[in-house]
J.: 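I have a structure I would like to understand better, so I am pasting it below and will then ask my questions one at a time.
So that the names make sense, note that chain A is the first sequence line, chain B the second, and so on, each numbered from 1.
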Amino acid sequence: MVFASVLLGKLSWQVFPKDIVTLGAFVSIVAGGILVAALLTYFKKWGYLWREWLTNTDHKKIGVMYVILSILMLIRGGVDALMMRAQQATAVGASHGVLSSSTFQQVFSAHGTIMIFFAAMGLMFGIINLVVPLQIGTRDVAFPFLNLTSFWLFAAGAILINLSLGIGSFSAAGWLAYPPLSELKYSPSVGIDYWIWTLEIAGIGSLMSGINFLTTIIKNRAPGMTLMKMPLFSWSVLCAMFLVIFAFPILTVTISLLFLDRTLGTHFFTAGGGGNMMMYVNLIWAWGHPEVYILILPAFGVFSEIVSTFSRKKLFGYRTMVWALAAITVLSFSVWVHHFFTMGAGADVNGFFGIMTMIIAIPTGVKIFNWLFTMYKGKIHFNSALYWFFGFVILFTIGGVAGVIMAIPAADFQLHNSLFLVAHFHTMIVSGVLFGYFAGFTYWFPKIFGYKLDEKLGIKTFYLWVIGFILAFFPLYILGFLGATRRINHYAANLGWQPLFIVAGIGAVIIAGGVAMGVWQQIVSYRRRQEYKDKTGDPWNGRTIEWSVPSPAPYYNFKAIPVIHDRDAFWVAKQNHQALVSDDDVVDIILPKRAPVSFILGMCALVFGFAMIWHIWWLVIVSLIAFVVILMVRLNDEKPYEVVTAEDILAHEKSLKTGNVV
Amino acid sequence: MDELEVKTISHKKLLNRLYKKEAPKFFETASFGFFVYLMTDLVLFASLFAVYAVLEGNTFGGPSGQQIFNLNNVLIETLALLTSSFTMGLAILSMKKGHRNKVLLYLVISFLLGAVFLTIEMNEFSHLISIGDSWRRSGFLSAFFVLVGTHGLHITVGLIWMAIMFFKVLKSGLSESNARRLTLMSMFWHFLDIVWIFIFTIVYLYGVLGL
């Protein structure tokens, strides 16, 4: 027995799930994995996958991997959402719904964690990876090996959170795991530990990405591109990455302290022993509020590009846009207490944070008006990417106004933890963040894959999402006013809430239809890729330099790095009938080598996290040593680069023109 | 030599030539990126300082800082660490002048001073644990151990890094890549020094004053 507990820690035969929902989910994920592996073996694609994708440091490939993984996680989180809607639509009066209460708690905890950390963050880093180096005129990010490693840490977190379905259980303490509930005394199972190590690993990946992109934007811009000539999407990313490097260390500290409380018996957030549980809530929101701006700022940037391109006008008020971004960046660190006005910090503190919260609505309003003025008197082209903007601008404003209402502490005492709050932040994150990245994905898709997405299906996807969204979340505003709190798994029949919950459930199903339509759009567009082919590299009559390279963007990005003289450099060049670079500018270059080490490091981190969760101490030590040694061996490589000669580049450009490469 | 071999050799020469051209830019980017990393580490320490400030008074019947801090030891620790920062600076100056042996000498001195610091800290910790005042005792002691311990962990990493750099310089001299790594390492070491000044002031000096 002693031997087994040293070897396996807390693992035993008891850890496998007993309820049918969790087991079914885990079995279907495993079966899906086996199916993909079988298909790869049958088509003999393992080598291709390994060389061209899993170990490739090309930022575009990494971006695509981020997007695919995030969409999978979005579906996983979406299934959680459907289960919650099913539960709340049916658990009334004598009926106790479709889920057991412990499963329900795990489902809402997993839904929040997955959607924020893996769906929204993943889509964000995906789009950033795809676009930023192309937009600022560089061949890759500042640290390509680190970039791939960040992706694999992100993937390790994603795998870990899905493992909790089949081995042990997940956190039942909500997506932010407030103590004292999340302390060992009240949550003795491994659920919280899964939560901690998932976020620890994925969070360090995000932090490293933040450092990487900040450095890339500061140091690697094309010659002549001063900061005030930088396209607005890159500006928004710069601001978001600034927030990442200031906010994510706080997350790392906070959950590490929770880990120490649970594992080594410290007293940071315990109810006794001199701990302070409200300190946890302060710390987690000192990260958490900037986090929501980290998610939304790049979406703002995406919309700025799209509105300007499809209105055929330069962006209205570029400078004010930049200053608005900067103001939001700074202010986002001064509003965190509005997440817990009910803590009882007193009128002065609550008053300060309430006012700061209202102030932050001003730069956001500036941005909304600038987008509208950009469209004013423009030649508007109704592309599906712009549809997402229309949905965003209306819904986001409604959600924003709801937010300003809750910024009034007195009102917040009523609305705190009600479904009104849930409706508010879903409006911001779904119609703000998700719509933004869907729009960006539609917009930049041809640049990465070489063909456009099907317009009609794109518009259908949009309508399903918007109608589903309104049906799913507007009833929650009303329910919140009626007094329904979040995370309830049962309510009395005489409250009369059921019809509204049923409408919300129908809305969720329609959103699921929107997800399915989006997948169908991908399939149809792929089958018609010859028809939708982007032959010019500039399918939307674009303004910024990413549209000056052929589609799909070659692995070296630019045959020669252009010199920038103007904010809309490519647009101006087109007006003057000039090319940004010519074949004479092409020279021999070096590009980073593939990095299988990144994948191995990610897997070491996965094993490390798993061993930490289950207290398998020997495996903790082994995986940690493996991680450090492998990293050092890699860092010992003096020149992890390979040569691409001018002839290679010119030959590749020629093949892109004749269309021999798909 | 067959054709393929000729091609590989010329390819390698081309890589060396192109890399040499890019090297100053890589150096600059790496220094900047590493500096940004240090700033994230600073935010990490800032959070731990905030935690310490909140929990400092929560002794929960256990000892307060006034009762357990020994300023004599802390003074020796501080002097050791500050001097090692100075000798690290001398190592970088010698590196810039190309004096390989001096670099090695200063690395050894910095390492030994860092080891002195770490030994005293370990002694302090083990003493506290042995008299029953571990991190389990109270919120204050949890915050103390984790803040000072995190710094100590960083010092340990720094010492390992220094040892590796010693052998690298011994083996391949002051090559371009070694110079880059030495520069980053010295940034890391000075950074830990600055964090220690704050620990020294906020944890130990204020603690002993009992403010």
J.: List the steps and the verdict of ring-ring contact (aromatic ring centres under 6.0 Å, His included) for B:Tyr206 and B:Tyr52.
T.: CA-CA 12 Å; B:Tyr206 274 92; B:Tyr52 180 82; over 10 Å; no

J.: With B:Trp196, which of B:Trp189, B:Phe117, B:Phe191 fulfils ring pair (Phe, Tyr, Trp, His ring centres under 6.0 Å)?
T.: B:Phe117

J.: Name the member of A:Asn276, A:Leu207, A:Asp588 that forms the most heavy-atom pairs with chain B at distances under 4.5 Å.
T.: A:Asp588

J.: Are the aromatic rings of B:Tyr37 and B:Phe34 close, with centres under 6.0 Å apart?
T.: yes

J.: Is any side-chain heavy atom of A:Phe143 closer than 4.5 Å to a side-chain heavy atom of A:Thr216?
T.: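 Side-chain contact under 4.5 Å: no.
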
J.: Report, in residue-number order, which members of residues 251-260 of chain A are under 4.5 Å from chain B by heavy-atom distance.
T.: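 Against chain B, the residues of residues 251-260 of chain A that fall inside the cut-off (heavy atoms, under 4.5 Å) are A:Val253, A:Leu257, A:Leu260.
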
J.: Taking the six-membered ring of A:Phe145, is the NZ or CZ of A:Arg634 close enough (under 6.0 Å from the centre) and on axis enough (within 45°)?
T.: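 Judged by the rule, A:Arg634 and A:Phe145 form a cation-pi pair.
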
J.: Check the angle between the aromatic planes of A:Trp336 and A:Phe353 and answer parallel, tilted or perpendicular using the 30° and 60° thresholds.
T.: perpendicular

J.: Can you check whether anything in residues 218-225 of chain A gets within less than 4.5 Å of chain B, heavy-atom wise, and list it by number?
T.: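 Under the 4.5 Å heavy-atom cut-off, A:Ile218, A:Lys219, A:Asn220 qualify.
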
J.: Sort A:Asn282 into side chain, backbone, both or neither according to what part of it lies under 4.5 angstrom from a heavy atom of chain B.
T.: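 Neither part, no heavy atoms under 4.5 Å.
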
J.: Need one label for B:Phe45: side chain, backbone, both or neither, based on atoms under 4.5 Å from any heavy atom in chain A.
T.: neither

J.: Go through it in stages, so that I can follow the logic: the residues are A:Phe125 and A:Phe151, the test is ring-ring contact (aromatic ring centres under 6.0 Å, His included), and I'd like the CA-CA distance, side-chain angles, deciding distance and then a yes or no.
T.: CA-CA 9 Å; A:Phe125 277 122; A:Phe151 169 76; over 10 Å; no

J.: Fit a plane to each ring of A:Tyr280 and A:Phe269, take the angle between them on a 0 to 90° scale, and name the class: parallel (under 30°), tilted (30 to 60°) or perpendicular (over 60°).
T.: perpendicular

J.: With a 4.5 angstrom heavy-atom cut-off, could you sort out which part of B:Leu18 is near chain A: side chain, backbone, both or neither?
T.: both

J.: Would you please indicate if the ring centroids of B:Phe125 and B:Phe145 are separated by under 6.0 Å?
T.: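 Between B:Phe125 and B:Phe145, the centre distance is under 6.0 Å.
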
J.: Using heavy-atom distances under 4.5 Å, tell me whether B:Ile164 contacts chain A through its side chain, its backbone, both, or neither.
T.: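 Only the side chain of B:Ile164 comes within 4.5 Å of chain A.
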
J.: What residue, out of A:Leu264, A:Ile250, A:Thr270, has the most heavy-atom pairs lying under 4.5 Å from chain B?
T.: A:Leu264

J.: How about B:Leu14 and B:Arg17: do any of their side-chain heavy atoms sit closer than 4.5 Å?
T.: yes

J.: Please assess B:Ser110 against B:Ser84 for the test side chain to side chain donor-acceptor pair (under 3.5 Å), listing each intermediate value before the final yes or no.
T.: CA-CA 4 Å; B:Ser110 308; B:Ser84 86; 5.7 Å; no

J.: Take the angle between the ring planes of A:His289 and A:His339 and call it parallel below 30°, perpendicular above 60°, tilted in between.
T.: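 A:His289 vs A:His339 ring planes: tilted.
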
J.: Can you tell which part of B:Val146 gets under 4.5 Å to a heavy atom of chain A, answering side chain, backbone, both or neither?
T.: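 The side chain, not the backbone.
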
J.: Taking C-beta and beyond as the side chain, do B:His99 and B:Leu174 meet within less than 4.5 Å on heavy atoms?
T.: no

J.: Does any backbone or side-chain atom of B:Lys168 lie under 4.5 Å from a heavy atom of chain A? Answer side chain, backbone, both or neither.
T.: side chain

